[in-house]
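Values in this document were obtained by computation on a predicted structure and should not be read as measured data. Chain letters run A, B, ... following the sequence lines, proteins first, then strands; residues in each count from 1.
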Amino acid sequence: MSATQLVWLRNDLRLADHPAIYEAQQQGDIALVVCLTPGQWQEHNESEAKFALREQLIDTLFLQAKSLNISLHVLHLKRFSDCAKAIPALCSEHHYQQVWWQNELPVHEAQRDDKVAQALEEGKIACQRLAPDLIVPTPVLNQQNGPFKVFTPFYKRWLQILIQQLSSPYPEPKAQSESIHSDHQSFRSKDFRDDLWPADYQAIREKLWRFCHNKEAQYDEDRDFPAVPGTSLLSPYLALGAIGPRDCLEAIMYVSQQNNRDWQASVWLKELAWRDFYKQLMGHFPDLSKSLPFKPETQQVRWNDSEQLFQAWCEGKTGFPIVDAAMRQLNQTGWMHNRLRMITASFLTKLLLIDWRKGEAYFMSKLIDGEFAANNGGWQWSASTGCDAAPYFRVFNPTRQSERFDPDGEFIKRFVPELKPLSAKEIHDPAPSVRSKIGYQAPIIDYKAARKKAISAFEDLK
DNA sequence: AGACCCTTGCA
DNA sequence: GCAAGGGTC
């Protein structure tokens with residue numbers, strides 16, 4: 001029997017824990033399709049690192065699918081709008097009767113999906129659009145049936161729903177009998193850092209389980225220290241969907257039970273809830289997809305246009321060691337520790353008073369794990385323009401943050417080698433004489449004055 | 001998911 | 001001097 005069901009994979013590049021793949025296979029043999037839309041991703045400022053990881057994941061996915069006699073089509077398109085022709089065309093060529101996918105919530109993605117659904121309908125091809133790829137895929141709503149605008153109550157309700165709906169991850173698809181045609185040419189990217197971010201599915205699963213076994217219990221204690229490998233390092237895989245949300249949940253629950261801990265108290269799970277929160281917000285508030293702030297009044301903030309200050313931030317030459325180390329980590333590795341994302345974002349939006357959208361775009365252009373909803377949510381949180389954001393007067397003191405979260409300057413020294421000779425005492429804010437001796441940038445702003453200016457820029461809005 | 005400043009209470 | 005606690009930005 002040849003395949004009749006087509007599953008369209010987007011940012012859910014995996015076979016296991018995949019509801020569309022599982023459901024589709026109940027109705028017949030399946031084939032898979034991925035649409036490459038590099039022009040669109042470029043418009044979304046997505047990084048080359050993420051693009052390269054996606055290619056690697058598609059390569060290994062292809063092999064994995066092949067071993068189950070499942071075809072994977074890779075369509076080389078430019079923009080989202082090309083999908084509305086390409087998908088129905090693929091269906092008629094191979095006589096697929098029904099197309100499946102998991103919805104995506106940001107505006108461009110939702111429009112793309114609507115257009116494809118419409119085109120399929122016109123071509124008399126059935127289409128099954130499933131809920132988004134979240135731990136709790138159903139909308140989490142308050143008592144007025146509206147979206148939550150504050151995380152904590154969202155989280156409480158989210159947990160309740162999660163407990164009601166608890167289910168195991170969807171199993172991998174079964175092997176099919178028909179032999180398949182394979183029209184995919186391996187990308188085999190030349191300089192992909194496979195050691196940092198393996199694209200092999202076995203290795204990725206191991207990363208998840210090893211984290212849950214060894215680190216998850218200490219996550220709350222360790223996650224704020226950039227010199228400590230205390231975070232999961234799974235974000236690139238979550239962003240592209242190489243691991244599924246229920247896979248994460250299952251690992252948390254299993255390991256918690258082994259260690260006699262309450263899985264509901266997992267702090268890492270709470271972070272995953274933030275992911276659901278920001279993604280669901282995208283669906284409720286289309287403005288978020290249009291470079292608009294959640295708090296409309298913050299449209300009036302008079303941001304600083306200085307290209308010089310912005311460049312200094314991008315390059316890690318602000319003269320604030322922790323900020324510079326963080327930006328250099330981003331530029332050199334395509335990844336930045338979460339605590340540092342908050343510090344650098346607060347620095348850009350508050351102390352430099354530069355538009356959060358410039359930081360948001362720069363992060364996307366460098367991050368291997370760049371994910372629109374989480375990145376936008378994080379930036380709007382830092383800039384105090386967002387939903388349940390930091391209050392406008394909350395300005396991170398980069399020196400204080402550095403002292404608290406990198407006390408020995410261990411992380412700083414890793415990425416700002418010129419500071420290696422300095423002691424733990426002086427590294428967070430070296431004296432002017434020390435700076436000139438070792439050739440390290442003077443601070444590009446005066447902290448106290450900048451803090452005042454930032455607070456009053458927001459107070460002017462009242 | 002903060003920081004700062006000014007108390008108070010103690011040495 | 002100073003830690004700890006509270007109000008304010």
Side-chain angles (χ1 to χ4, degrees), chain A residues 148-156 158-159 218-228 230-232 235 265-281 293-295 297-298 300-302 318 320-323 326 336-353 356 359-360 363 367 369 371 373-407 411 425 428-429 443 445-462:
Chain A
F148 284 98
K149 293 173 193 162
V150 179
F151 176 74
T152 307
F154 167 90
Y155 178 59
K156 280 191 180 162
W158 181 88
L159 260 183
Q218 284 90 256
Y219 177 76
D220 192 25
E221 271 174 62
D222 291 351
R223 62 173 171 153
D224 278 323
F225 298 88
V228 177
T231 60
S232 73
S235 50
S266 163
V267 176
W268 190 52
L269 180 64
K270 198 171 178 178
E271 292 304 305
L272 292 170
W274 274 99
R275 175 179 177 276
D276 276 19
F277 180 58
Y278 282 141
K279 286 202 173 207
Q280 289 205 3
L281 279 181
F294 187 85
K295 291 189 173 137
E297 69 273 20
T298 61
Q300 310 308 320
V301 174
R302 296 170 61 92
T318 66
F320 289 81
I322 193 71
V323 174
M336 194 198 287
H337 187 280
N338 186 57
R339 167 57 53 180
L340 302 177
R341 297 189 196 200
M342 295 193 278
I343 296 175
T344 53
S346 176
F347 189 87
L348 185 78
T349 58
K350 299 286 173 73
L351 296 180
L352 300 184
L353 205 60
W356 55 275
E360 180 195 15
F363 266 30
L367 283 170
D369 63 14
E371 196 283 311
N375 190 49
N376 180 278
W379 274 95
Q380 293 220 42
W381 182 86
S382 292
S384 303
T385 65
C387 186
D388 198 18
Y392 70 90
F393 48 78
R394 186 176 288 170
V395 179
F396 282 34
N397 178 334
T399 308
R400 282 287 300 127
Q401 290 280 317
S402 184
E403 287 163 355
R404 278 168 61 189
F405 299 117
D406 190 28
F411 177 81
K425 263 225 141 52
H428 307 288
D429 181 21
I445 44 117
D446 174 67
Y447 170 71
K448 273 198 167 179
R451 177 177 193 274
K452 261 196 178 157
K453 221 169 105 185
I455 291 173
S456 66
F458 276 83
E459 261 167 359
D460 291 348
L461 302 179
K462 290 182 193 165

Legend entry - Taking every non-hydrogen atom, the tightest pair across A:S266 and A:Y155: O-OH, 4.2 Å
Sub-3.5 Å pairs of nitrogen or oxygen atoms, protein against nucleotides 4-6 of chain B:
residue, atom, partner, partner atom, Å
B:dC4, OP1, A:N397, ND2, 3.1

Inset, instruction - Could you tell me whether the side chain of A:P398 reaches within less than 4.5 Å of the side chain of A:L351, counting heavy atoms only? - result: yes
Inset, instruction - Might you confirm whether atom NZ of A:K149 has over 12 heavy atoms from other residues, nucleotides or ligands at distances under 6.0 Å? - result: no
Inset, instruction - Provide, to the nearest angstrom, the distance between the CZ atom belonging to A:F393 and the C1' atom belonging to C:dG7. - result: 11 Å
Inset, instruction - Let me know the distance between CZ of A:F347 and P of B:dG2, rounded to the nearest Å. - result: 18 Å
Inset, instruction - Kindly assign one of parallel, tilted or perpendicular to the pair A:F458 and A:Y392, based on the angle between their ring planes and the thresholds 30° and 60°. - result: parallel
Inset, instruction - State whether A:R394 places a side-chain N or O below 4.0 Å from either non-bridging phosphate oxygen (OP1 or OP2) of C:dT8. - result: no
Inset, instruction - Mind checking side-chain hydrogen bond (donor to acceptor under 3.5 Å, both in side chains) for A:E360 and listing every partner two or more places apart, or none if nothing turns up? - result: A:N376
Inset, instruction - Please report, rounded to the nearest Å, how far the P atom of C:dT8 is from the NZ atom of A:K452. - result: 18 Å
Inset, instruction - Calculate, to the nearest 0.5 Å, the distance between atoms NZ and OG belonging to A:K350 and A:S382 respectively. - result: 7.5 Å
Inset, instruction - Please work out if A:R404 contacts a base, only the sugar-phosphate, or nothing of the nucleic acid, heavy-atom cut-off 4.0 Å. - result: sugar-phosphate
Legend entry - Spacing between A:K453 atom NZ and B:dA3 atom C1', to the nearest angstrom: 20 Å
